[in-house]
Amino acid sequence: MAFLMKSMLSNQVKNLGLGGGGEESKEESTPSDPAAAAGMTREEYEEYQKQMVEEKMERDAAFAQKKAERACLRVHLREKYRLPKSELDENQIQMAGDDVDLPEDLQKMVAEDQVEEEDKDSILGQLQNIQNMDMDAIKEKAQATFTEMKQAAEQKCCVM
């Protein structure tokens, strides 16, 4: 029943000129030549298409370079934190031609991290960490450990 109503109504709408009848005339009025549709001559249109292709290639190359730089950063981070390597990152670096370096700002960040880690590993870095420690908590922990050891020794040894 619904199908019958729908087909009857759609036929009436088409007859009024509000519906699908106009689609056929639109297809006939569009020109078959894309250059004419764009309002250019054939040579201008071909030149325009060449420029579009060149710009797309440049954008794709820049995008691939950025992806390779990000992959390079991930590889450095994986090495730093001893995480497993990723085949995807290595493939992206190889696709970019293996001439990929980290961007300057990221190189500065990596260098700063390395300097900070070296400072922490040095004797002066350890001395600074000692200043930040809570000596009272350390004393209490040492005394508790000493007391536990003393009690364990007294239980095992009859002389004490």
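Given the structure is predicted, the values throughout are model-derived calculations rather than measurements. Worth knowing before you read on, the calculation uses all heavy atoms, side chains too, and leaves out hydrogens, waters and symmetry mates.
The side chain to side chain donor-acceptor pair (under 3.5 Å) check on Gln49 picks up Tyr45, with sequence neighbours excluded. For Lys56, the salt bridge (Lys or Arg N to Asp or Glu O under 4.0 Å) partners at least two apart in sequence or on another chain are Asp60. Partners of Arg70 under the salt bridge (Lys or Arg N to Asp or Glu O under 4.0 Å) rule, at least two apart in sequence or in another chain, do not exist in this structure.
Between the side chain of Glu44 and the backbone N or O of Thr41, at least one donor-acceptor pair lies under 3.5 Å.
Rounded to the nearest 0.5 Å, atoms CD (Glu140) and CD1 (Ile138) are 10.5 Å apart. With rounding to the nearest 0.5 Å, the separation of NZ in Lys67 from SG in Cys72 is 15.0 Å. The line from CD of Glu79 to NZ of Lys85 is 6.5 Å long, rounded to the nearest 0.5 Å.
Side-chain contact between Gln92 and Arg74 is present, with heavy atoms from C-beta onward closer than 4.5 Å. Put simply, the side chain of Leu77 does not reach to within 4.5 Å of the side chain of Leu83, judged on heavy atoms.
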Pair Ser86, Arg78 - check side-chain contact (heavy atoms from CB on, under 4.5 Å), show working.
CA-CA 9 Å; Ser86 171; Arg78 284 192 176 100; 3.5 Å; yes

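Clustering ILVMFWY residues whenever any of their side-chain heavy atoms sit less than 4.5 angstrom apart, transitively, puts Tyr81 in the very cluster that holds Leu73.
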